[in-house]
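All chains are named by letter (A, B, ...) in the order of the sequence lines, taking the proteins before the strands, and each is independently numbered beginning at 1. All values derive from a computational prediction rather than experimental measurement.
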Amino acid sequence: MPRVRIRPAHGRCVTRASTTRRYPCLPMNPIVTRFAPSPTGHLHIGGARSALFCWAFAKKNGGRFMLRIEDTDAARSSLESARGIIEDLHWLGIVNDLGPYIAQNGSIGQHDWEAGSGHPPVGEYFQAKRVPIYNKYLEQLVRAGRAYPAFESNEEIEAQRKVAVAAKQTYRYPRPAEIEYGNFNAALEARWKRAQSGERHVVRFAAPNEEIVVHDQVLGDVKYAAGEMDDFVIRKADGFPIYHFAVVIDDETMGVTHVMRAQEHLNNTPRHVALQRALGFRTPIYAHMPLIVNMDNSKMSKRDKAKFARKAAKDAMAKDKAITAASLSASTGQDEKLIAQFLSADNDSLEIAQALAKHFKVPLPEIEVWDFRQNGYLPEAITNFVSLLGWNPGLKTPDGKDLEKFDMQFLASHFGIERIGKQSSKFDRAKLLSFNADAINALPDEVFASRWRTWCEEFEPEFARVVGSADERWLLLARAVKPRAKTLRDGVRASAFLLRSDDATDFDAAACEKNLLASDRQGLSLLRTVRDRFETVGELEWTAPILHSLIEQVGQQAGTGMGPVSQAVRIAIAGAAVSPPLGESLAVLGKAASLTRIRRCFERFSA
RNA sequence: GGCCCCAUCGUCUAGCCCGGUCCAGGACGUCAGGUUCUCAUCCUGAAAACAGGGGUUCGAAUCCCCUUGGGGUCACCA
């Protein structure tokens, strides 16, 4: 696809949400954005967009893009997930300047601020390893009378919350009367000593009783009235900081200047601002991006896979009473109890969802980057498509259409916060598919062949083995398959004829009737003519253009045109009325296999 | 329920900030044709939207207000 020249659509004046809010304190330091996932699974497609925008913004402004791993939830985080997320980002072409990366030998290394960069090295980009830092600031807060240990158990709090909810009231943790805002008094000191002595406790932030205004670059000023915020927990009983606390400290100590994240975090921001003020930190520039939601307006979540599999199972059960949790357990090998729980939505086990999907042969919705990769989507199609969810370049192509096809380089030079929209966008898979098809078609044949092959070797090894190791064979197949592949996996589907055994004798009945047997077995007779001609073709002449013109000639001589001849040959070699173009198909198959297949076809219909 | 955000074709969106060039443009999808050895690709065309109601104004998709609708968030998750 030719890269189009672009021109600005309109002289749009960029004043929204006051771009005058420049970062006030460190004018010499570079812009730093960050993507800070929690390593509890694969990279979510929404996370990929957040990362992409952060990356693009940093690139556009000559800044740095940082990756930080928020693994303070000890129970759910895993190093394996962190590794997966880093790999997913890398695959998409979103490479971080700061924070963890995967080295050649597979170990995890970290890019850090180098000497002379204007920022001291931060050392650790995994939050779980920064606990001493959080504790230092925590103590500072306690001694300033802005945080205090609290000793209620989780259960007690939970019970109080239930009462409040039952009474249709918002639960707010009531600050103990003995705690004096901003004063490290005797009562607080006593609590602190109790906590230090090892008694189980959490630490709560003494929230300020003042209005907080978040100056958001996308949404404008968002006001939160005084008294809205309660004394939320900043350190858990297990000693790990709570998200809000860790984020604020990290953004400060890591030099983050711009926080761009999804709108679901908007209501967290006043907490962050309050914390920053209490700690004497700067407030970074915030930009909250619209959410990406499903077509039915629900939030796009990993649980959608469970929902989807559950629905498929229930639909099947409604049709066939013989299907039960027990029968499903028997056929999927999953635990019956877990399946029963899964069906009644008591758990959302991914494993069971996948097993059921496989059993009922329904594809699960792609939610994570890995899903898309596995299903044959190209990273450039994903980043292009996803960048248009909640942002657009506002440019036109020379023929006056909206510019919407572009690459990472373009994003890195054109991205800006001022063109981020406010409303959430639905994730339209059909359009993504179209982008993917276009991206595939934009690839030169050789490039497509090589990328398709690499993908097949990873995700369709059996197919890759059948195609073999010869580059020419891959190229030949790739050429035939490219225009009919919206995904790399489609390419394999389109090549199904290759997987067919040369000795197979099953042929699509309707297709045979129409193309071989109808009109007094006209198709078979055409096939015989073609076969006779094929036999005279030398091994070296067995090429797509020669075979194509040969079929064409037979059609002309028979007065039928190419169509009927083609269909007869197609059924003989593919067993069905659909296959890639015949010349290429026959060439990939080779002379011997092609003739064997035709012979089997005659054997099948000789009776 | 409290708080917060949002509102242009089915979907992503342009236009909105700086009101007239908009009986609203593009893309995906849909439908109808065409090209073609099948399936696709490709080409042409069509249907399809300013949530509703009030203002302001000579004039509103664009500015203001209300209503309605949608969403987010209220954890010892992030």
Side-chain angles (χ1 to χ4, degrees), chain A residues 9-17 36-38 40 70-73 75-77 150 153-154 157-158 161 165 167-172 201-204 214 216 219 222-225 228 230 232-238 240 242-244 246-247 262-268 270 288 290-291 293 295 297-299 385 388-390 392 394 396-397 399-405 421-435 437 441 481-486 490 494 511 515 548 551-552 555 561-567 569-571 574 576-583:
Chain A
H10 270 81
R12 185 189 172 96
C13 180
V14 182
T15 55
R16 171 142 55 102
S38 174
T40 56
E70 310 220 327
D71 54 351
T72 53
D73 183 342
R76 291 199 285 174
S77 300
S153 72
N154 201 5
I157 298 288
E158 209 49 55
R161 180 176 292 117
V165 170
K168 295 216 181 250
Q169 307 232 300
T170 310
Y171 174 77
R172 289 202 174 82
H201 69 283
V202 299
V203 176
R204 287 180 181 270
V214 175
D216 189 273
L219 268 9
V222 183
K223 293 177 185 166
Y224 294 87
E228 287 289 327
D230 75 346
F232 57 94
V233 172
I234 54 177
R235 188 174 72 185
K236 302 182 254 184
D238 65 6
F240 281 109
I242 212 77
Y243 163 74
H244 309 296
V247 160
Q263 248 177 54
E264 58 191 347
H265 286 294
L266 180 62
N267 292 328
N268 290 153
H288 287 92
L291 254 26
V293 300
M295 291 302 274
N297 262 332
S298 62
K299 197 170 155 183
F385 175 71
L388 255 7
L389 262 24
N392 77 79
K396 302 277 181 193
T397 60
D399 52 343
K401 300 181 172 183
D402 290 0
L403 176 72
E404 55 174 20
K405 295 294 175 64
K422 298 180 180 185
Q423 67 266 53
S424 55
S425 11
K426 294 187 178 129
F427 192 79
D428 185 352
R429 292 164 192 281
K431 185 154 180 170
L432 201 215
L433 194 60
S434 161
F435 268 50
N441 266 297
V481 137
K482 201 175 85 168
R484 61 215 89 215
K486 287 182 191 289
D490 283 347
N515 298 299
H548 175 89
I551 292 171
E552 201 170 24
M562 197 177 169
V565 187
S566 297
Q567 283 311 83
V569 176
R570 177 164 281 122
I571 289 167
V578 176
S579 86
L582 276 178

Please encode protein proximity along nucleotides 24-33 of chain B as a string of B, S and -, counting only heavy-atom distances under 4.0 Å. -BBBB-----

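- The C1' atoms of B/rG53 and B/rG69 are separated by 14 Å, rounded to the nearest whole Å.
- In this structure B/rC74 sits in a base pair with B/rG1, meeting the Watson-Crick or G-U test at under 3.5 Å.
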Criterion side-chain contact (heavy atoms from CB on, under 4.5 Å) on A/Asn392 and A/Asp402, from CA distance to verdict: CA-CA 9 Å; A/Asn392 77 79; A/Asp402 290 0; over 6 Å; no

How far apart are the C-alpha atoms of A/Leu219 and A/Gln263, what are their side-chain angles, what is the distance that settles it, and do they pass the side-chain contact (heavy atoms from CB on, under 4.5 Å) test? CA-CA 10 Å; A/Leu219 268 9; A/Gln263 248 177 54; 3.9 Å; yes

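- Among the heavy atoms of the strands lying under 4.0 Å from A/Gly390 are primed sugar atoms or P, OP1, OP2 only; no base atom is included.
- Look at the C1' atom in both B/rC16 and B/rC74: the space between them is 33 Å, to the nearest Å.
- Here the closest non-hydrogen pair linking A/Asp428 and A/Phe385 is O-CZ, 3.4 Å.
- Looking at A/Lys396 and A/Glu404, no side-chain N of the basic residue comes within less than 4.0 Å of a carboxylate O on the acidic one, giving no salt bridge.
- Comparing atom distances between the A/Met562 side chain and each of B/rC4, B/rC37, B/rA7 picks out B/rC37 as nearest.
- Smallest separation of non-hydrogen atoms from A/Thr72 and A/Ser77: N-OG, 4.4 Å.
- Of all non-hydrogen atoms in A/Asp216 and A/His288, the two that sit nearest each other are OD2-ND1, 2.6 Å.
- The closest side-chain donor-acceptor pair between A/Ser579 and A/Arg570 falls under 3.5 angstrom.
- The nearest whole Å value for the distance from the CZ atom in A/Arg429 to the C1' atom in B/rU11 is 13 Å.
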Just by protein heavy atoms under 4.0 Å, how would nucleotides 71-78 of chain B read 5' to 3' in B, S and -? SBS-SBBB

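- Residues A/Gly390 and A/Ser425 share a closest heavy-atom pair of N-OG, 3.6 Å.
- As rounded to whole Å, 10 Å separates atom C1' of B/rG2 from atom CD of A/Gln169.
- Toward the 5′ end of RNA chain B lies the nearest nucleotide of A/Lys223, the other residue of the pair A/Lys223 and A/Gly583 mapping further downstream.
- If you check every strand for non-hydrogen atoms under 4.0 Å, A/Ser579 touches a base.
- Atom CD in A/Gln567 sits about 15 Å away from atom P in B/rU36, given to the nearest Å.
- With both pairing distances under 3.5 Å, B/rC28 is matched to B/rG10 as a Watson-Crick or G-U wobble pair.
- Here, B/rU8 and B/rA48 have their C1' atoms 12 Å apart, quoted to the whole Å.
- Using a 4.0 Å heavy-atom cutoff across all strands shown, A/Pro290 reaches no nucleic acid atom at all.
- Base pairing analysis places B/rA60 opposite nothing; no Watson-Crick or G-U wobble pair with both distances below 3.5 Å involves it.
- In this model, the phosphate group of B/rC12 is not approached by any side-chain N or O of A/Lys426 to a distance below 4.0 Å at OP1 or OP2.
- Counting any heavy atom pair closer than 4.0 Å across all strands shown, A/Pro564 reaches no nucleic acid atom.
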Indicate for each nucleotide in nucleotides 48-53 of chain B, in 5' to 3' sequence, whether protein heavy atoms under 4.0 Å reach the base (B), only the sugar-phosphate (S), or nothing (-). ------

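- With rounding to whole Å, A/Lys422 atom NZ is found 12 Å from B/rA14 atom P.
- Rounded to whole Å, the C1' atom of B/rC9 lies 11 Å from the corresponding atom of B/rG25.
- Between the CZ atom of A/Arg484 and the P atom of B/rC37 there is a distance of 13 Å, rounded to whole Å.
- At B/rU41, none of the side-chain N or O atoms of A/Asn441 fall inside 4.0 Å of OP1 or OP2 (strictly under the cut-off).
- Under the Watson-Crick or G-U wobble criterion, with both distances below 3.5 Å, B/rA47 has no partner in any strand shown.
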List the steps, then state whether side-chain contact (heavy atoms from CB on, under 4.5 Å) holds for A/Asn297 with A/Lys426. CA-CA 7 Å; A/Asn297 262 332; A/Lys426 294 187 178 129; 3.2 Å; yes

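- Taking atom P on both B/rC65 and B/rC22, the two are 28 Å apart, rounded to the nearest angstrom.
- Atom P of nucleotide B/rC39 and atom CZ of A/Arg570 are separated by 9 Å, given to the nearest angstrom.
- Comparing B/rU57 with B/rA14, their P atoms sit 31 Å apart, to the nearest whole Å.
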Show, in sequence, the C-alpha distance, side-chain angles and deciding distance for A/Leu389 and A/Phe427, and conclude whether the side-chain contact (heavy atoms from CB on, under 4.5 Å) test is met. CA-CA 8 Å; A/Leu389 262 24; A/Phe427 192 79; 3.7 Å; yes

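- If you check every strand for non-hydrogen atoms under 4.0 Å, A/His548 touches a base.
- A/Asn392 has its CG atom 12 Å from the P atom of B/rC16, to the nearest Å.
- Base pairing analysis places B/rU41 opposite nothing; no Watson-Crick or G-U wobble pair with both distances below 3.5 Å involves it.
- Residues A/Glu158 and A/Asn154 meet the side-chain proximity criterion, which asks for heavy atoms closer than 4.5 Å.
- Here the P atom of nucleotide B/rU38 and the CD1 atom of A/Ile571 are 13 Å apart, to the nearest Å.
- The two residues A/Ile242 and A/Lys236 have their closest heavy-atom pair at CD1-CG, 3.5 Å.
- For A/Tyr243 and A/Phe232, the ring centers are positioned 6.0 Å apart or more.
- When the P atom is used for both B/rG55 and B/rU62, the distance is 15 Å, rounded to whole Å.
- B/rA47 sits 15 Å from B/rA32 when the P atoms are compared, rounded to a whole Å.
- In summary, A/Asp490 and A/Arg484 do not engage in a salt bridge, as defined by a charged side-chain N under 4.0 Å from a carboxylate O.
- Stacking of A/Lys405 on the aromatic ring of A/Phe435 is recorded, both the 6.0 Å distance cut-off and the 45° axial limit being met.
- Pairing partner, B/rU36: none, since no Watson-Crick or wobble contact has both distances short of 3.5 Å.
- Using a 4.0 Å heavy-atom cutoff across all strands shown, A/Tyr224 reaches sugar-phosphate atoms only and no base atom.
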